[in-house]
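See structure below.
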Amino acid sequence: MGQYDLETIRHSTAHLMVQAIQRLYPNEKIELGIGPAIENGFYYDILMDKKILDEELKNIEDEMKKIIKEKLPITRRVFANREEAAAFFKERGQNLKVELINDLPAGEEISCYEQGEFIDLCRGPHVEHTGQLPTFFKLTTTAGAYWRGDSSRPMLQRIYAISFDSKEALKAHLTFLEEAKKRDHRKLGKDLDLFFFSSEAPASPFFLPKGAFVYNELMDFMRRVIRYHGYLEVVTPQMLDVSLWKTSGHYDNYHEDMFFSESENRQFALKPMNCPTHMLVFQNKRVSYRELPMRIADFGRIHRNERSGTITGLTRVRTFCQDDGHIFLSMDQVQNEIQELMKIVAMTYRHLGFEDFSLALSTRPEKKLGDDATWDQAENALKDALEKSGVKYTIAEGDGAFYGPKIDITVRDAIGRRHQLATIQLDFQLPERFDLTYMSKEGKEERPIVIHRAILGSLERFFGVYLENIAGAFPFWIAPEQAVIIPVNTEKFADYCDSLYAKFKQKGYRVRIDDRNESLGKKTRESQMAKIPFMLVIGEKEVEAGTVSVRKYGEMQSQTMSLDELCAAFDKLNEERNPIEMRYFWIVRKIFYCFQGEAQPNMKSPLSLQATSKNALTKKPFPSSLLSLRKMANGIWKKIKKKFF
RNA sequence: GCUGACUUAGCUCAGUCGGUAGAGCAUCGGUUUUGUAAACCGACGGUCGUAGGUUCGAUUCCUAUAGUCAGCUCCA
């Protein structure tokens with residue numbers, strides 16, 4: 001077994017699966033599509049009138065194991081050219097294979113692999129005989145899949161399987177699936193009373209008080225971040241005349257996925273995005289080159305009538321809110337701004353617990369506006385900015401938006417799954433369509449460029465990904481309930497609990513007294529299951545000593561702390577409301593100015609301070625420990641003051 | 001939108017090969033005032049997603065429809 005790589009094993013196992021299906025359903029006409037190895041396993045697409053049911057998958061597995069025992073030799077058979085191969089498969093009624101063969105280059109040899117009665121068009125390689133195949137596979141689901149991924153072509157039955165070369169690897173994967181299931185944001189949302197869905201409003205979440213708290217806190221967090229970076233927030237209408245969407249091009253491209261409304265013979269559309277309203281904001285007054293880059297932010301609600309089959313949980317919904325922003329700027333400002341944006345992305349994600357992310361440059365799609373020369377310019381501008389930042393990126397050919405290329409940022413979560421969240425898009429089209437201009441230094445009208453950007457992307461989607469990443473255990477600063485006070489005896493210790501509660505309340509912490517007539521064990525269990533960061537138990541000992549018994553979420557032990565110690569701990573944790581860069585910016589800037597000689601009036605972004613940081617996405621711009629940063633800053637500042645002032 | 005599956009009490013789930021349903025938790029009432037993951041007793045709670053059809057009779061079978069889930073296609 002060891003001599004074959006996993007991909008070969010998986011692919012051979014896919015052949016094995018189809019052979020088993022043919023044996024189990026000898027009276028069905030089965031046409032084979034393709035059956036590649038994929039991450040964690042393989043699938044095979046087949047065309048067969050009879051639908052394979054989930055409960056039949058076990059039979060197929062058993063049949064596969066039988067064929068393994070038969071140790072059928074797998075042999076390669078070569079046709080001289082594609083005509084010969086096509087004729088062979090045509091005769092066997094394998095029309096899908098004939099189509100594949102006809103797309104292969106003419107005049108080249110074409111190979112097949114056969115094992116026993118089974119033969120399949122295949123490039124190979126394969127194992128030598130079926131007995132070499134490990135049994136660490138499991139057929140998981142059946143699903144429909146369009147032939148060659150084309151929704152206008154017939155739909156085949158796809159059978160998915162997971163497959164590994166060792167028992168341990170299979171087990172590890174099953175554990176992973178279990179873990180993912182436990183973290184599923186839909187489950188956590190229900191268990192933690194964060195949000196729910198109603199059939200009255202398909203694909204539209206209702207955020208309950210706790211969920212709404214987190215939702216708003218995430219939004220406030222982004223507000224602080226973008227204010228700090230010079231954005232101006234606007235509030236724009238929900239419903240706008242259809243003509244606006246025709247101007248922007250959204251009507252032509254997406255009217256099937258938009259919601260419309262009519263009033264007094266005027267057609268309106270619920271906004272599916274904020275861009276056009278921001279174009280109107282820009283047009284509102286004469287803009288000077290001095291105001292560029294003009295950064296407009298918007299947390300407006302948007303509606304998209306997503307196809308019914310595409311919606312799931314919070315990840316794809318019909319009404320949502322983006323931490324949206326548009327930057328109007330001149331060509332020579334693009335590179336700086338993009339680099340800066342990537343720093344904001346890095347700062348935000350690192351702070352929210354996503355350390356690992358990757359970038360992809362998406363280029364022009366088939367359905368696009370504007371000429372190729374403009375696209376060249378836009379794509380090159382993004383490429384230059386990426387190169388200048390020295391970050392690694394991949395290229396996603398044809399994945400751009402219809403109005404411009406984009407950089408998509410994909411984060412890796414705590415259990416290794418990837419999610420595309422942030423996006424930075426360059427747009428030469430909308431300024432043209434809305435005839436936007438600003439007054440240049442020379443007193444001429446110039447056309448600005450627009451950058452569309454969202455850091456969290458959709459708040460709803462981010463909420464889901466974030467929830468899964470932290471497995472429902474919110475950090476202190478964003479937890480809707482930060483601590484629960486539990487008296488051992490609700491009557492005897494009420495006064496002490498009340499005074500504790502008043503103290504936390506006055507400091508703005510979100511604390512609750514659990515004075516229900518229930519056992520301490522039950523209250524402990526519930527506070528742990530609700531994943532509340534702190535549990536504070538008050539009994540005889542605590543009242544007498546003026547202390548609190550503190551148990552952190554997830555820890556088995558509690559510790560005794562004085563009230564002052566506890567408050568100090570809370571205050572320290574609460575500092576995490578802001579990223580470290582923002583917390584200590586003023587101290588660091590003082591130092592920076594001293595080194596620079598004088599303050600730069602134009603220094604709009606504090607992140608440009610990171611002059612020494614070669615790679616914004618991998619290097620920590622500041623010491624990661626709060627204390628060491630504070631020490632460093634204060635130390636340097638003292639020295640400077642002593643020497644120069 | 002396409003393929004397939006699912007929908008029983010607020011939640012998690014049993015069950016009826018066609019004779020109108022059960023448990024635990026939650027909720028409410030009572031007893032209990034408890035030292036770190038479920039005290040005890042009792043009560044309430046469902047036209048079995050919705051609408052048709054077949055049947056003496058449907059939650060169960062059939063059809064349609066809605067919502068949800070997996071996958072495909074799509075994702076400004």
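All values reported here derive from a predicted model rather than from experimental measurement. Every chain is numbered from 1, with letters handed out A, B, ... down the list of sequences.
With a cut-off of 3.5 Å on both Watson-Crick or G-U wobble distances, the partner of rC40(B) is given as rG30(B). The partner of rG19(B), taking Watson-Crick or G-U wobble pairs whose two distances both stay under 3.5 Å, is rC56(B). Partner assigned to rC72(B) is rG1(B), using Watson-Crick or G-U wobble distances below 3.5 angstrom. A 3.5 Å limit on both hydrogen-bonding distances identifies rG67(B) as the Watson-Crick or G-U partner of rC6(B). rG24(B) is paired with rC11(B) under the criterion used here, namely a Watson-Crick or G-U wobble arrangement in which both key atom distances are under 3.5 Å.
Regarding contacts with the backbone of rA26(B), a side-chain N or O of K522(A) is found under 4.0 angstrom from either OP1 or OP2. Between rU73(B) and S151(A), no contact under 4.0 Å exists linking OP1 or OP2 to a side-chain N or O. The phosphate of rC69(B) (OP1 or OP2) has a side-chain N or O of R186(A) nearer than 4.0 angstrom. Note on R551(A): every side-chain N or O is 4.0 Å or more away from OP1 and OP2 of rG35(B). Phosphate contact (OP1/OP2 of rG71(B), side-chain N/O of Y146(A), threshold under 4.0 Å): absent. Phosphate proximity of rG67(B) to R318(A): absent, as no side-chain N or O sits under 4.0 Å from OP1 or OP2.
Comparing rU54(B) with rU59(B), their P atoms are spaced 15 Å from each other, to the whole Å. Comparing rG18(B) with rC62(B), their C1' atoms sit 13 Å apart, to the nearest whole Å. rA38(B) and rA5(B) are spaced 35 Å apart, taking the C1' atom of each and rounding to whole Å. Only the C1' atoms considered, rU8(B) is 10 Å distant from rA14(B), to the nearest whole Å. Comparing the same atom, C1', in rC72(B) and in rC61(B) gives a spacing of 31 Å after rounding to whole Å. Here the separation of rU50(B) from rU60(B), taken at their P atoms, is 10 Å to the nearest Å. Taking atom P on both nucleotides, rA21(B) is separated from rU47(B) by 12 Å, rounded to a whole Å. A distance of about 11 Å separates the C1' atoms of rA58(B) and rC48(B), rounded to the whole Å.
Closest approach of I538(A) to L500(A), counting heavy atoms only: CD1-CD2, 3.8 Å.
Using a 4.0 Å cut-off between charged side-chain N and carboxylate O, R364(A) and D372(A) make a salt bridge. E432(A) and R447(A) are joined by a salt bridge, as a carboxylate oxygen and a charged side-chain nitrogen come within less than 4.0 angstrom of each other.
Looking at heavy-atom distances under 4.0 Å, E518(A) makes contact with a base. Counting any heavy atom pair closer than 4.0 Å across all strands shown, G521(A) reaches sugar-phosphate atoms only and no base atom. Residue D257(A) is in base contact, counting any heavy-atom pair closer than 4.0 Å across all strands shown. I311(A) comes within contact range of the sugar-phosphate backbone alone, with a heavy-atom separation under 4.0 Å but no base atom that close. Backbone-only contact: Y160(A) has heavy atoms under 4.0 Å from sugar-phosphate atoms and none from a base. Among the protein residues, A530(A) comes within range of no part of the nucleic acid, since none of its heavy atoms lies under 4.0 Å from any strand. Heavy atoms of E542(A) sit under 4.0 angstrom from at least one base atom. Y43(A) comes within contact range of no nucleotide atom at all, as no heavy-atom separation falls under 4.0 Å. Among the protein residues, G249(A) comes within range of no part of the nucleic acid, since none of its heavy atoms lies under 4.0 Å from any strand.
When the nucleotides rA76(B), rU36(B), rG35(B) are ranked by their closest atom to the side chain of Y403(A), rA76(B) comes out on top. Listed nucleotides rG1(B), rU3(B), rC72(B) differ in distance to R158(A); the shortest reach to its side chain belongs to rC72(B). Among the nucleotides rG1(B), rA76(B), rG35(B), the one closest to the side chain of T310(A) is rG1(B). Residue E540(A) places its side chain closer to rG35(B) than to any other of rC74(B), rG35(B), rA38(B). For M155(A), counting side-chain heavy atoms from C-beta on, the closest listed nucleotide (rC2(B), rA76(B), rG35(B)) is rC2(B). In the set rA37(B), rA39(B), rA70(B), rA70(B) carries the atom at the smallest distance from any side-chain atom of T141(A). In the set rC74(B), rU36(B), rG4(B), the nucleotide with an atom closest to the side chain of V537(A) is rU36(B). For M273(A), taking side-chain heavy atoms from C-beta onward, the closest of the listed nucleotides rA76(B), rG67(B), rU73(B) is rA76(B). Comparing atom distances between the Q425(A) side chain and each of rC72(B), rA76(B), rA37(B) picks out rA76(B) as nearest. Candidate nucleotides rA76(B), rA38(B), rG67(B) were compared by shortest atom distance to the side chain of P272(A), and rA76(B) ranks first.
Put simply, the side chain of T312(A) and the base of rU68(B) share no donor and acceptor less than 3.5 Å apart. Side-chain atoms of R316(A) come within donor-acceptor range of the base of rC74(B), with a qualifying N/O pair under 3.5 Å.
When only modelled atom types and interatomic distance are considered, T236(A) and D298(A) share a side-chain donor-acceptor pair under 3.5 Å. In this structure, a donor-acceptor pair under 3.5 Å is present between the side chains of N274(A) and D324(A). Counted by atom type alone, T142(A) and R158(A) present zero donor-acceptor pairs between their side chains at under 3.5 Å.
Taking the 5.5 Å centre cut-off and the 30° plane limit, the aromatic side chain of Y254(A) is classed as stacked on rA76(B).
Proximity of L436(A) to F328(A): side-chain heavy atoms (C-beta onward) are separated by under 4.5 Å at one or more points. Looking at I486(A) and L536(A), their side chains never come closer than 4.5 Å, going by heavy atoms from C-beta outward.
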Check against salt bridge (charged side-chain N to carboxylate O under 4.0 Å, His left out), R316(A) and E460(A): CA-CA 8 Å; R316(A) 191 86 173 267; E460(A) 278 71 6; over 6 Å; no
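Between the side chain of Q283(A) and the backbone N or O of F434(A) there is at least one donor-acceptor pair closer than 3.5 Å.
For H15(A), the ring pair (Phe, Tyr, Trp, His ring centres under 6.0 Å) test picks out H11(A), F118(A), H126(A), with sequence neighbours left out.
Residue S204(A) is the one, among S204(A) and G149(A), whose nearest nucleotide of RNA chain B lies closer to the 5' end (criterion: closest heavy atom).
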Scoring nucleotides 7-15 of chain B by protein non-hydrogen atoms under 4.0 Å (B base, S sugar-phosphate only, - none) yields ----SS---
